[in-house]
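Shown next, in structure tokens, is the structure this report addresses.
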Amino acid sequence: MESSLTLSRAPVAEATDRMPRLRIADDKAMLRAAAEATRDLIAPRPAIYWADLIASVVVGYGALAAAVTLRQTGWVVFAAVVAALALYRALSFIHEVSHMKHSTVPYFRGAWNVLVGVPMLTPSFMYEGVHNLHHAKTRYGTSEDPEYLPLALMKPWTLPAFVVISALAPLGLLIRFAILSPVSLLSPKLRTIVRERYSALAINPQFRRRAPEGDALTLWNRTEAAASSWAIAVVVLTATGVFPLRSVAIALAIGAGVAVVNQVRTLVAHLWENDGEPMSVTAQYLDSVNVPPPALLPALWAPVGLRYHALHHLLPSLPYHALGEAHRRIGAAVEQGSPYHKASYAGLPGLVNKIVRSTFQSR
């Protein structure tokens, strides 16, 4: 799951005088070991999906309700933090929705849209049909990848801008669904702009989304109409005083917190060192990040399996609840010198420090 912002890829052009990067060939032994060790882990377990989602939603919305009704500042802050983390976990299931075969966990996508996607103005169509392009072998790390920017090769100021601008996401989504959605129905030209540029959770400003077809179009229309209706209702009820301004401000602040945490996670999900050339599967794996146990905090800032982001790029079809066991098995199956071990990192501070140093070195 990535967030939308508008940073240019142009600074990469400044790096043309650097030594060319060594292209990494696929490590066939690692790929074979990964496939053989995880064949029995492919099937998703619906009970885990449903229990996890429902618990996250109950805690998230319960804490949100507490945050907007409590008056003591300390308790409001505590409830807001709990709400942000729980709703972030619930929202992160959009990543699983974009990968799963929906017949294996029936009705999950619909329930997720009702409980999370529409209320948080991030319906599943904003990721489905987009995220799969990030996993395409010939697109990853190139200008055609909607979820990639060579951040490590860009100017240092782009990193704080990348994170800070994400705090505006709740307001941007409110504008997108409350204003642009209904107005675009009156203008085919505006409708095309909204579909191409404002209908994807992407970070690559060059990405333009294609028009959906068939069942995808039907789902898009239904969930967009629902999200638009909800966004308009929020604006109207706030303007008429039905929703207290304080409560709406707290809810927006919680949404901003969710967006910022996700953007920080995105910042360290990859090394962002590719300069635009197609990469092998092994190279994509090494450009991605695992933050496995014993670290505990990644369970909060990289939930629903996102702490195993490199492994996910190696085996995208594995359900999130199987990634921990898959990581253990593959680590035991490959040799100590295998590239598999090189994508694991200790935690967030070291990863942030690594990409910051990379931006200064690329200068």
Any donor-acceptor pair under 3.5 Å from Arg246 side chain to Val68 backbone: yes

Indicate yes or no: at least one non-hydrogen side-chain atom of Leu91 is less than 4.5 angstrom from one of Trp112. yes

Taking Ala66's backbone N and O only, do any of them form a donor-acceptor pair with Thr69's side chain (distance below 3.5 Å, no angle check)? yes

Please give me the minimum heavy-atom distance between Pro182 and Ser228, naming the atom from each residue. CD-OG, 3.7 Å

Exercise: identify the closest heavy-atom pair between Ala79 and Ala63: O-CB, 3.4 Å

Of His135, Gln206, His134, which meets side-chain hydrogen bond (donor to acceptor under 3.5 Å, both in side chains) against Asp145? His134

Less than 4.0 angstrom from a charged side-chain N to a carboxylate O is my criterion; do Asp26 and Lys137 meet it? yes

Looking only at atom types and distance, does a side-chain atom of Thr38 sit under 3.5 Å from a main-chain N or O of Ala34, one as donor and one as acceptor? yes

According to salt bridge (charged side-chain N to carboxylate O under 4.0 Å, His left out), who are the partners of Arg307, at least two apart in sequence or on a separate chain? none

Surrounding CZ of Arg45 (heavy atoms of other residues, nucleotides or ligands, distance under 6.0 Å), is the total greater than 12? no

Test of understanding: with salt bridge (charged side-chain N to carboxylate O under 4.0 Å, His left out), list the residues that count as partners of Arg329, not counting sequence neighbours. Asp40, Glu325

Are Leu271 and Ile355 close enough that some pair of their side-chain heavy atoms sits under 4.5 Å apart? no

Relative to each other, are the rings of His99 and His312 parallel, tilted or perpendicular (30° and 60° limits)? perpendicular

How many angstroms lie between OG in Ser92 and CG in Leu87, if you round to the nearest 0.5 Å? 10.5 Å

Nearest atoms (heavy-atom pairs only) where Ala283 meets Ile24: CB-CB, 3.9 Å

Indicate the ring-plane relationship of Tyr49 and Tyr320, choosing parallel, tilted or perpendicular according to the 30° and 60° boundaries. perpendicular

When you measure from the side chain of Asp275 to the backbone of Pro150, do you find a donor-acceptor pair of N or O atoms at a distance under 3.5 Å? no

Is there a side chain to side chain contact (heavy atoms under 4.5 Å, CB included) between Leu286 and Met279 once you walk through the steps? CA-CA 10 Å; Leu286 292 173; Met279 306 170 70; over 6 Å; no

Distance, nearest 0.5 Å, that separates CG of Asn290 from OG of Ser344: 4.5 Å

Could you check if a side-chain atom of Val268 sits within less than 4.5 angstrom of a side-chain atom of Val289, using non-hydrogen atoms only? no

Sequence-distant partners of Glu96, salt bridge (charged side-chain N to carboxylate O under 4.0 Å, His left out), two or more places apart: none

May I ask you to decide if the ring planes of His95 and His131 are parallel, tilted or perpendicular, using 30° and 60° as cut-offs? perpendicular

In one Ile/Leu/Val/Met/Phe/Trp/Tyr side-chain cluster, 4.5 Å: Met30, Tyr308: yes

When the ring planes of His270 and Trp272 are compared, do they come out parallel, tilted or perpendicular, using 30° and 60° as the limits? perpendicular

Under 3.5 Å: donor-acceptor pair, side chain of Glu273, backbone of Asp287: no

Is it true that Val304 and Val264 fall in one hydrophobic cluster, defined by side-chain heavy atoms closer than 4.5 Å? yes

Check Arg139 with Glu147, please: is the shortest side-chain N to carboxylate O separation under 4.0 Å? no

Between OG1 of Thr282 and CG of Leu31, what distance do you get to the nearest 0.5 Å? 4.5 Å

Do Trp301 and Leu348 touch side chain to side chain, with heavy atoms closer than 4.5 Å? yes

Looking at every non-hydrogen atom in both residues, tell me the closest pair between Leu64 and Ala83 and how far apart they are. N-CB, 3.6 Å

Name the one of Val114, Thr218, Asn113 that satisfies side chain to side chain contact (heavy atoms under 4.5 Å, CB included) with Thr223? Asn113

Leu323 CG to Leu41 CG distance, which is reported to the nearest 0.5 Å: 9.0 Å

Short question: side chain of Tyr61, backbone of Leu115 - any donor-acceptor pair under 3.5 Å? yes

Between the CG atom in Asp215 and the CD atom in Glu213, the distance rounded to the nearest 0.5 Å is 11.5 Å

Give a yes or no answer on whether the side chain of Thr240 reaches the backbone of Val236 with a donor-acceptor pair at less than 3.5 Å. yes

If you group Ile, Leu, Val, Met, Phe, Trp and Tyr by side-chain heavy-atom gaps below 4.5 Å, do Val352 and Leu300 land in one group? yes

Run the side chain to side chain contact (heavy atoms under 4.5 Å, CB included) test on Arg265 and Tyr88 for me, step by step, so that the C-alpha distance in whole Å, both residues' side-chain angles and the decisive distance to 0.1 Å come before the verdict. CA-CA 11 Å; Arg265 181 205 60 81; Tyr88 173 44; 3.2 Å; yes

Is there a side-chain contact between Asp27 and Tyr340 in this structure, where contact means two heavy atoms from C-beta onward sitting under 4.5 Å apart? no

Interatomic distance, CG@Leu185 vs CG@Leu180, rounded to 0.5 Å, equals 11.0 Å

pair Val59-Val82: side-chain heavy atoms closer than 4.5 Å: yes

Main-chain N/O of Arg109 paired to His102 side chain as donor or acceptor, under 3.5 Å: no

Side-chain heavy atoms nearer than 4.5 Å, only ILVMFWY residues, links allowed to pass through others: does that put Leu133 and Leu149 together? no

Taking C-beta and beyond as the side chain, do Glu128 and Val97 meet within less than 4.5 Å on heavy atoms? yes

Taking a hydrophobic cluster as the set of Ile, Leu, Val, Met, Phe, Trp and Tyr residues connected by side-chain heavy atoms closer than 4.5 Å, whether directly or through intermediates, do Val261 and Val258 fall within one such cluster? yes

Are there more than 12 heavy atoms of other residues, nucleotides or ligands under 6.0 Å from atom CH2 of Trp75? no

Keeping the roles fixed (side chain from Thr359, backbone from Ala152), state whether a donor-acceptor pair exists under 3.5 Å. no

ring-ring contact (aromatic ring centres under 6.0 Å, His included) with His313: which of Tyr140, Tyr148, Tyr285? Tyr140

Using a cut-off of 6.0 Å, state whether more than 12 heavy atoms not belonging to Tyr345 lie near its atom OH. yes

So Ser317 and Lys101, do their side chains get closer than 4.5 Å, heavy atoms only? no

Counting only N and O atoms by type, is there a donor-acceptor contact under 3.5 Å from the side chain of Ser199 to the main-chain atoms of Glu196? no

